[in-house]
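The block underneath contains the structure these notes are about, expressed in structure tokens.
Start at 1 and go down the list; that is how both ligands and their atoms are numbered. Residues: numbered from 1 along the sequence shown. When reading the values below, keep in mind they use all heavy atoms of this one structure, side chains included, and skip hydrogens, waters and symmetry mates.
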Amino acid sequence: APQDTQVPDSGLVRVEDDRTGMSEQSLKRAIVDNLHYGQGKDNYFATPYDYYMAIARSMRDRLIKRRIQTARTHIQEDSKVVYYLSAEFLMGRYTGNSLINLGIYERVRKVLRESGLELDDLLEKEHEPGLGNGGLGRLAACYLDSLATLEIPAVGYGIRYEFGIFEQEIRNGWQAERPDKWLSFGNAWEVSLPEYRTEVKFGGHTESYTDTKGRYQTNWIPEHTVFGIPYDTPIPGYGVNTVNILRLWKAESSNEFDLDAFNAGDYLGAVANKMFSENISKVLYPNDDTVQGKELRLEQQYFFVSCSLQDIIRRHIYHYNSLDNLHEKSAIQLNDTHPSIGIAELMRLLIDVHQMDWEQAWHITQNCFAYTNHTLLPEALERWSVNLFGRLLPRHLEIIYEINFRFLSEVRKRYPGDNERIARLSLIEGEGADKKVRMANLACVGSRKINGVAALHTKLLQQDVLRDFYELAPEKFINKTNGVTPRRWLLLGNPRLSNLITEKIGEAWITNLDELRKLEQFADDPQFRQTWREIKQANKQDLAAYIERKNHIQVDTNSLFDVQVKRLHEYKRQLLNVLHIITLYNRIKRNPNEDILPRTFIFGGKAAPGYFIAKLIIKLINSVAAVVNDDPSLEGRLKVAFLSNYNVSMSQQIYAAAELSEQISTAGKEASGTGNMKFALNGALTIGTLDGANVEIREEVGAENFFLCGLTTPEVYELKAKGYNPQEYYQSNSELQEVIRLIACGHFSDGDSQLFRPLLDSLLYNDKYMLFADYQSYIDTQDRVSQAYRQEDNWTRMSILNTARMGKFSSDRAISEYCKEIWHVEPVPVEFKEYSPEDM
Ligand code: CBF
């Protein structure tokens with residue numbers, strides 16, 4: 001288990017009282033105190049959940065003290081602040097992470113054990129806040145951890161969804177969704193600050209007038225107004241006193257009850273405003289990588305962005321009494337285009353509310369914002385119908401037209417007569433009723449820097465998706481390869497391995513992941529390899545026990561744990577993995593004595609509820625699992641498990657136990673991926689295409705320690721251009737034909753030959769993601785994996801080298817780069833001070 005690292009009994013932390021003390025005695029007193037006075041229970045009545053709440057509150061108290069001192073320090077030091085705007089934050093459970101970052105995990109575990117309580121069991125009582133879909137939201141969470149650890153003043157701004165990502169159940173092999181009522185037992189971690197509530201307008205119309213100084217002004221008369229109430233969660237850095245905040249906005253009605261409507265007999269009308277308001281932060285849209293263009297989604301985006309910008313302005317004015325230097329003291333990051341309406345909103349606030357002139361407001365706006373793009377998929381690029389936009393945000397539409405007019409005038413000067421280019425660059429797409437506002441274009445025009453999330457992705461943005469913007473302003477483009485926090489993804493998630501690493505190379509790796517290189521010297525040490533293997537084995541046993549508990553499947557812990565966990569999407573090609581499983585199945589059926597490496601295939605991931613094909617892939621995985629797992633002739637050879645409701649907490653356990661990481665998206669489709677990094681950090685070897693960050697992972701770990709398969713991006717483009725025909729691959733591959741025929745004849749669907757027809761038809765006659773083109777390469781590479789796994793010693797060596805060479809993929813590295821090259825912010829160390837009478 002993680003060791004106490006930074007907080008000795010005396011020294012860094014000197015206050016020894018129930019709220020902030022770190023000694024065993026103080027911690028014990030704090031937990032008992034919170035049990036009594038927070039939960040209203042003693043040890044006779046307390047449930048495990050009460051104990052969890054008492055631990056969480058005790059940690060929160062410790063963080064709040066540091067938070068206050070952090071905030072004060074940032075003001076005293078006149079610090080520039082990073083504001084990270086994101087519609088999603090997939091934080092995972094807080095309490096374990098806080099114990100780790102405070103350095104008292106082991107101490108609290110010991111204190112609880114003395115009372116017969118098991119910390120790890122109690123931490124499982126925390127309902128994970130699932131306020132994100134996947135990679136993008138989880139990246140935001142890793143970045144908050146690194147920002148605090150690097151002592152950078154920062155605030156994460158987002159939405160306090162009442163319902164997070166749905167809970168996935170598997171019923172008869174199909175995904176079923178249940179609402180995620182994560183707040184139903186309260187949230188020990190947040191503090192609400194109604195005194196900072198913010199008003200947000202929607203709908204209505206605008207009116208122009210000339211003010212007393214003869215200036216042309218616009219007034220927005222809204223149809224509705226809504227309040228945003230901030231809820232703060234402390235974000236502690238590791239081994240430092242900095243505690244930043246995640247500020248999430250909850251929508252509340254500004255007019256609970258319309259008495260006039262009520263008196264006129266219109267009861268529903270009387271509460272209409274309340275219903276409109278509260279819907280806004282009700283539920284997270286469960287779509288990853290597709291946009292539905294729904295009004296509520298735009299309302300959500302505008303709501304949290306407006307609240308956040310007003311909050312930033314309030315804080316700034318309080319400190320500087322002027323907005324002239326806003327861009328010198330604030331760096332606002334747009335996590336994808338979801339918050340990009342912020343560009344128009346900041347303009348509105350500066351011009352309409354704070355009476356700034358256009359030129360100055362635009363200068364400030366362009367110098368505040370930077371934009372991260374997270375996807376190359378055209379269906380994920382946000383475009384809002386002008387009609388909808390104008391109805392909901394009439395003033396913003398005017399501002400966007402004005403930005404566009406000024407921007408295109410410049411473009412025309414630069415490219416006279418190039419009307420096609422001008423049309424592509426325009427913030428408005430199309431004509432007449434079909435006109436759309438292009439949010440990526442708005443983000444590009446209004447930002448100082450634009451970045452992709454892996455080297456290949458940034459290159460493709462420059463060559464393809466954002467090419468015109470790149471040609472216009474190449475200096476704006478920059479790559480920032482993603483990273484993951486080693487605190488959650490190794491120290492907390494894999495205590496056995498992190499203890500071994502610390503034993504061998506010390507604990508510096510926790511905040512300087514490049515230190516892991518020092519493990520290379522042990523890669524050939526037989527004793528170290530043996531211990532490395534034993535740890536993986538123990539983690540596999542834990543996961544096997546979980547699978548048995550949840551899925552009632554017994555898996556062989558000596559088999560290769562071959563894992564694909566991520567959102568279900570056709571481009572991620574879980575289906576290619578299934579084709580491999582069926583290929584192995586056929587080989588065994590054809591020749592029962594075939595020497596096949598025993599494998600356990602583990603899947604996990606949610607499909608967007610409206611994404612029929614992705615849901616059908618889940619059904620296929622479960623149907624194949626049912627046949628394979630029930631076949632006695634496959635016992636000890638193949639097992640397939642789909643783990644339902646994949647989330648952050650579950651993934652921590654999975655990464656620790658995985659041996660083979662499936663990263664097999666069609667080249668050029670996955671922007672980066674971050675799961676690929678977490679697997680390799682935990683010693684899994686990757687089978688993958690040259691896509692996203694896989695390219696850089698392979699460069700770092702060495703081609704000989706990575707199982708490469710599939711077409712490259714240029715090959716994919718070339719094949720598409722010349723006219724890809726899946727039949728060419730199908731007709732010439734007998735193993736592939738056998739696999740497809742077995743599915744088609746209903747072998748995995750009780751004889752129903754129609755059930756999986758949509759999947760097969762899409763493969764046979766379209767195959768947008770080129771599974772057939774990559775099938776043989778993938779199968780051959782999997783055969784190489786099987787051979788390699790049998791060379792136990794060499795496999796372990798490769799595994800050690802993978803972990804040892806993952807330094808680059810720390811989110812600390814990524815955030816340091818953002819700080820230096822995009823945000824221009826510096827660390828601001830925070831001192832921990834004892835309470836004094838002046839604090840009163
Ligand atoms: O950059 C973080 C991740 O974002 C996504 O999940 C996204 O939502 N667009 C991408 O699909 C990932 O490739 C990427 O790692």
Side-chain angles (χ1 to χ4, degrees), residues 84 86-90 130-144 146 158 165 284-291 297 333-340 370-382 439-440 443 450-461 465-466 478-485 489 564-574 605-608 611 614 646 648 651 661-681 686 688-697 713 769 809 811 814-815 817-818:
Y84 199 86
S86 179
E88 304 187 7
F89 285 93
L90 194 51
L131 308 187
N133 274 284
L136 172 146
R138 183 52 232 177
L139 186 79
C142 285
Y143 282 2
L144 292 187
S146 285
I165 185 72
L284 167 79
Y285 270 90
N287 293 326
D288 202 42
D289 293 323
T290 44
V291 175
R297 172 88 172 168
Q333 191 65 28
L334 301 172
N335 198 26
D336 217 294
T337 54
H338 317 145
S340 59
Y371 156 53
T372 306
N373 174 291
H374 292 269
T375 184
L376 294 158
L377 299 187
E379 63 268 34
L381 292 180
E382 292 191 299
M439 300 311 274
I450 300 161
N451 77 283
V453 289
L456 173 67
H457 172 230
T458 302
K459 194 170 108 195
L460 295 173
L461 286 179
V465 184
L466 300 178
I478 190 165
N479 177 55
K480 288 287 147 268
T481 298
N482 284 343
V484 300
T485 169
W489 299 111
Q564 190 168 20
V565 287
K566 47 180 80 236
R567 285 298 288 243
L568 254 292
H569 200 291
E570 287 165 280
Y571 84 80
K572 296 181 188 274
R573 302 201 295 193
Q574 283 89 352
K606 296 177 184 177
Y611 189 175
Y646 176 66
V648 175
S651 74
S661 152
E662 298 272 351
Q663 306 301 335
I664 54 176
S665 50
T666 318
K669 294 291 174 196
E670 187 72 87
S672 160
T674 43
N676 45 5
M677 302 168 186
K678 297 165 197 167
F679 275 111
L681 183 62
T686 306
T689 48
L690 280 181
D691 198 17
N694 296 353
V695 178
E696 290 156 81
I697 292 178
T713 308
Y769 297 105
F809 303 100
S811 45
I815 283 299
E817 289 180 10
Y818 276 94

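Between L681 and F809, the closest side-chain pair of non-hydrogen atoms is not below 4.5 Å. Counting heavy atoms from C-beta outward, R138 and W489 have side chains that approach closer than 4.5 Å. No side-chain heavy atom of N133 sits under 4.5 Å from any side-chain heavy atom of Y285. The shortest side-chain heavy-atom distance between L284 and L131 does not fall under the 4.5 Å cut-off. Residues T713 and K459 form no side-chain contact, since every pair of their non-hydrogen atoms from C-beta on lies 4.5 Å or further apart. A heavy-atom distance below 4.5 Å is found between the side chains of H374 and L139.
Ligand 1 places these atoms under 4.0 Å from at least one heavy atom of A671: 13 (O). Per-residue contacts place G135 under 4.0 angstrom from the following atoms of ligand 1 (heavy atoms of the residue considered): 2 (C), 3 (C), 4 (O), 6 (O). Below 4.0 Å from some heavy atom of Y571 lie the following atoms of ligand 1, by number and element: 11 (O).
The closest protein non-hydrogen atom to atom 10 (C) of ligand 1 is H374 O, 3.5 Å. Protein heavy atom closest to atom 4 (O) of ligand 1, with residue, atom name and distance, is L136 N, 3.5 Å. For atom 14 (C) of ligand 1, the closest non-hydrogen atom of the protein is G673 N, 3.7 Å.
Contacts between N482 and ligand 1, counted as non-hydrogen atom pairs separated by less than 4.0 Å, involve the side chain only. When non-hydrogen atoms are compared, ligand 1 lies under 4.0 Å from the side chain of V453 (C-beta onward) but not from its backbone.
Compare E670, K566, H338 by their heavy atoms: the one nearest to atom 13 (O) of ligand 1 is in E670.
The aromatic rings of Y143 and Y84 lie perpendicular to each other, with more than 60° between the two planes, well past the 30° mark.
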